[in-house]
Amino acid sequence: MKVLSVTPEIFPLIKTGGLADVTGALPLALKSQGIEVKTLIPGFIPVMKQFEGEAVYSYDDLAGGPATVLMGTVAGLDLLVLDAPHLYTRAGGPYADPGGNDWPDNWQRFATLSRVGADIGQGKLGAFQPDLVHVHDWQAALTLAYLRFEDAPAPPSVITVHNLAFQGQYGADIFRLLGLPPEAMSVDGVEYYGGVGYLKAGLRAASAITTVSPTYAQEIREPAFGMGLDGLINTRANELSGIVNGIDTVVWDPSRDPHLKRPFSREHLDGRRHNRAELERRFFLEEGHDPIIAVVSRLTWQKGIDLIAQELDNIVAAGAKLAILGKGDAELEIALAAGTARHHGRIGLHLGYDEGLSHLMQGGADAILVPSRFEPCGLTQLYGLRYGCVPAVARTGGLADTVTDANEAALAAGVATGFQFAPDSAASLTYAVRRLVNAYRDREVWTGLMREGMKADVSWDRSAARYAALFRSLVSPKEESA
Ligand SMILES: Nc1ncnc2c1ncn2[C@@H]1O[C@H](COP(=O)(O)OP(=O)(O)O[C@H]2O[C@H](CO)[C@@H](O)[C@H](O)[C@H]2O)[C@@H](O)[C@H]1O
């Protein structure tokens, strides 16, 4: 079976968050399920620097300039790169200028990516006719509206929601520039609260909807998590499922990780203490036996970072040290920096994005704290499990699905892997830190938690099999055998 994946980000070429990890790892995992994935991404500057491909399709004028689709392979990933310099060759990130402001033409940059995704879905490439189109998040969602509203045969489709909070919502005035037929501007099409909703359009048009954990798939049917889309999602409940993310176990392998000071494994945990010492050095933390709790996160309200900022004094008083890596909202950065200044040696902060340091933190910290208010899946707790960095997580979405709380019953049964606490509650977060510090002081309990977590299957194997089964159920047997 051949699948076209459409996404704005893919690891290792361009990443702002977990979406890239998933779109980079899933194609490799699907290969062993007999599924060939080609991924369409925009030709952002970092992508073009790492990629060389052969031109397979050209547009004389695509949204105001010439464009080419290039085909090639990087890091085992088969890519289709949309080289459209007038849209994607810009300093800054994929979505925002160097000052952090969204590009004003994002509606067009991602509608165009989707336009090309639909063209490929309709077979315009010749060299590659997909049996199914798989789109990720709002940036690729309009692909499915183009496929649905055009008079051409369209393959079945899946949309995966990595985060319902980002929806691609624009004014009605852009509709006439999208090149969709007038009937698409309806409640049954792309219309959303009087404007145009990209994610909404994709959710409406997809043959199937997935999100990245079973619990989040349930949560988004409720107004509290549905972000205005729960009504639509409920009408599509029969087509909705949750498939928990895996992680790339080659990139995230403590026995071969080049970012670690010392490798280690479940059987040989000793190397960990060298990473721990390096972490103390890098974060200017006091040496000593108190547990180091890591935070690796976008610094936002979704991730509950304000709760951490609010509880810094209590976390330190509970006997923990904190190592925080992140970037995000200015007021949260300021609050964390103020806490770091108050607790020199107990709290260390790196403001920024540092992939290598994030590996060292998983391999050296004792625990990882993830206090999200909502979390479709979450990856850092999965890296934590694999690296013996015990996760303490809010009981929501994929965090609830992947960490087994160290309650009495789970400890007695030897199945606990971490700590869960009520989301959106500062008191509950601090209580969990106290439980964590107590457990840490009992070496037997703590080593049990580490080892049990390291045993957990966080690979893509099971989840890739679920995607494969879903794809097969949507593609007719005749096409599948082609
Ligand atoms: N400052 C920093 N330096 C280095 N690395 C950093 C970093 N800040 C974050 N990261 C990395 O970025 C990734 C974040 O992934 P998450 O899944 O935790 O959240 P995100 O909200 O981006 O993803 C969304 O999509 C993913 C994928 O489906 C879902 O798991 C998730 O719930 C959903 O919100 C991890 O690989 C993490 O290590």
Side-chain angles (χ1 to χ4, degrees), residues 5 7-12 14-26 93-95 134-140 159-167 199 210-217 219-220 225 227 242-248 251-252 257 259 282-283 294-305 323-329 332-333 336 349-363 365 368-387 389 391 393-394 396-403 423 458 460 463 467:
S5 169
T7 173
E9 300 183 24
I10 189 165
F11 183 86
I14 179 113
K15 167 170 167 178
T16 69
L19 166 65
D21 290 320
V22 173
T23 56
L26 183 56
Y95 317 118
H134 184 192
V135 304
H136 297 269
D137 278 354
W138 73 266
Q139 297 93 330
I159 185 165
T160 297
V161 179
H162 296 267
N163 195 336
L164 206 59
F166 304 115
Q167 301 190 351
L199 184 62
T210 67
T211 183
V212 287
S213 69
T215 294
Y216 192 60
E219 286 171 343
I220 59 176
F225 289 91
M227 309 258 170
I243 304 177
V244 82
N245 287 331
I247 63 171
D248 186 326
V251 174
W252 292 92
D257 189 328
H259 302 294
R282 299 269 296 264
F283 281 86
V295 176
V296 180
S297 184
R298 288 187 285 117
L299 304 179
T300 62
W301 183 88
Q302 174 202 339
K303 300 291 184 183
I305 303 301
I324 305 172
L325 167 64
K327 93 179 195 196
D329 298 350
L332 292 175
E333 293 190 353
L336 293 175
L349 173 66
H350 273 270
L351 291 176
Y353 191 94
D354 188 333
E355 192 79 24
L357 183 56
S358 78
H359 283 243
L360 179 69
M361 292 171 78
Q362 298 281 6
I368 179 134
L369 179 61
V370 194
S372 309
R373 287 196 167 80
F374 67 94
E375 195 60 79
C377 179
L379 296 173
T380 55
Q381 85 282 9
L382 301 181
Y383 302 140
L385 288 170
R386 180 137 166 97
Y387 277 59
C389 184
V393 302
T396 185
L399 301 174
D401 289 337
T402 54
V403 175
V458 290
W460 269 105
S463 298
Y467 276 104

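In listed order, ligands and their atoms are each counted from 1. What you see is a predicted model; the values in this text were computed from it and never measured.
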Open item on the list: So if I count the atoms of ligand 1 from 1 in the order they appear, which ones are less than 4.0 Å from some heavy atom of S297?
Closed with: 8 (N)
TODO: Compute the shortest N/O to N/O distance between G18 and ligand 1 and return yes if it is under 3.5 Å, no if not.
DONE: yes
Open item on the list: If you define the side chain from C-beta out and look only at heavy atoms, does anything of I305 sit under 4.5 Å from V295?
Closed with: yes
Open item on the list: Using a 4.0 Å cutoff against the non-hydrogen atoms of G352, which atoms of ligand 1 qualify?
Closed with: 1 (N), 2 (C)
- [ ] Apply side chain to side chain donor-acceptor pair (under 3.5 Å) to D329 and T300, showing your working.
- [x] CA-CA 6 Å; D329 298 350; T300 62; 5.7 Å; no
Task: H350 near ligand 1 by a heavy-atom separation under 4.0 Å - done: no
Open item on the list: Assess, by modelled atom type and distance only, whether the side chains of Q302 and N163 contain a donor and an acceptor separated by less than 3.5 Å.
Closed with: yes
TODO: Answer yes or no: is there a side-chain heavy-atom contact under 4.5 Å between L385 and P391?
DONE: yes
- [ ] Kindly indicate whether the side chain of Y95, heavy atoms from C-beta on, has any atom under 4.5 Å from the side chain of P8.
- [x] yes
TODO: Indicate the ring-plane relationship of H350 and F283, choosing parallel, tilted or perpendicular according to the 30° and 60° boundaries.
DONE: perpendicular
Open item on the list: I'd like to check whether V212 has a polar contact with ligand 1, where a contact means an N/O of the residue lying under 3.5 Å from an N/O of the ligand.
Closed with: no
Open item on the list: With heavy-atom distances below 4.5 Å as the criterion, would you say the side chains of Y353 and L325 are in contact?
Closed with: no
- [ ] Report yes or no: does a heavy atom of Y383 sit under 4.0 Å from some atom of ligand 1?
- [x] yes
- [ ] Measure the distance from atom 7 (C) of ligand 1 to every protein heavy atom, then report the residue, atom name and distance (to 0.1 Å) of the closest one.
- [x] Y353 CE1, 3.5 Å
Task: Sub-4.5 Å side-chain heavy-atom contact between L199 and I159 - done: yes
TODO: Classify the contact between L357 and ligand 1 as side chain, backbone, both or neither, using a heavy-atom distance cut-off of under 4.0 Å.
DONE: neither
Open item on the list: Any donor-acceptor pair under 3.5 Å linking the side-chain atoms of E9 with those of T16?
Closed with: yes
Open item on the list: Which of the numbered atoms in ligand 1 are under 4.0 angstrom from any heavy atom belonging to D21?
Closed with: 13 (C), 35 (C), 36 (O)
Open item on the list: Counting only heavy atoms from other residues, nucleotides and ligands, does the tally under 6.0 Å from NZ of K327 exceed 12?
Closed with: no
Task: Residue portion contacting ligand 1 (non-hydrogen atoms closer than 4.0 Å) for L19 - done: backbone
Task: Residue pair F11 / L19, side-chain heavy-atom distance below 4.5 Å - done: no
TODO: Tell me which one of Q362, K303, K15, M361 gets a heavy atom nearest to atom 20 (P) of ligand 1.
DONE: K303
Open item on the list: Which of the numbered atoms in ligand 1 are under 4.0 angstrom from any heavy atom belonging to Q302?
Closed with: 34 (O)
Open item on the list: I want to check something: taking the side chain as every heavy atom from C-beta on, are V22 and N245 in contact at a cut-off of under 4.5 Å?
Closed with: yes
Task: Protein contact to atom 21 (O) of ligand 1 [nearest heavy atom, distance to 0.1 Å] - done: R298 NH2, 2.5 Å
TODO: From the options T380, D248, T160, I247, select the one whose nearest heavy atom is closest to atom 38 (O) of ligand 1.
DONE: T380
Task: Whether G326 lies under 4.0 Å from ligand 1, heavy atom - done: yes
Open item on the list: Among all protein heavy atoms in this structure, tell me which lies nearest to atom 29 (C) of ligand 1, with the distance rounded to 0.1 Å.
Closed with: G378 N, 3.7 Å
TODO: Tell me which part of D354 gets within contact of ligand 1: side chain, backbone, both or neither, using heavy atoms under 4.0 Å.
DONE: backbone
TODO: Would you mind listing which atoms of ligand 1 come within a distance below 4.0 Å of any non-hydrogen atom of N163?
DONE: 34 (O)
Open item on the list: What protein heavy atom lies closest to atom 17 (O) of ligand 1? Include the residue and the distance to one decimal.
Closed with: L379 N, 3.2 Å
TODO: Provide the number and element of each atom of ligand 1 under 4.0 Å from a heavy atom of V22.
DONE: 27 (C), 28 (O)
Task: Distance from atom 32 (O) of ligand 1 to nearest protein heavy atom, with residue and atom - done: E375 OE2, 2.5 Å
Open item on the list: I need the atoms of ligand 1 closer than 4.0 Å to a non-hydrogen atom of H162, numbered in the order shown.
Closed with: 24 (C), 25 (O), 27 (C), 28 (O), 33 (C), 34 (O)
Task: L357 side chain reached by M361 side chain, heavy atoms, under 4.5 Å - done: yes
TODO: Using a 4.0 Å heavy-atom cut-off, say whether N245 meets ligand 1 through its side chain, its backbone, both or neither.
DONE: side chain
TODO: Please confirm whether H359 and Y383 have ring centers closer than 6.0 angstrom.
DONE: no
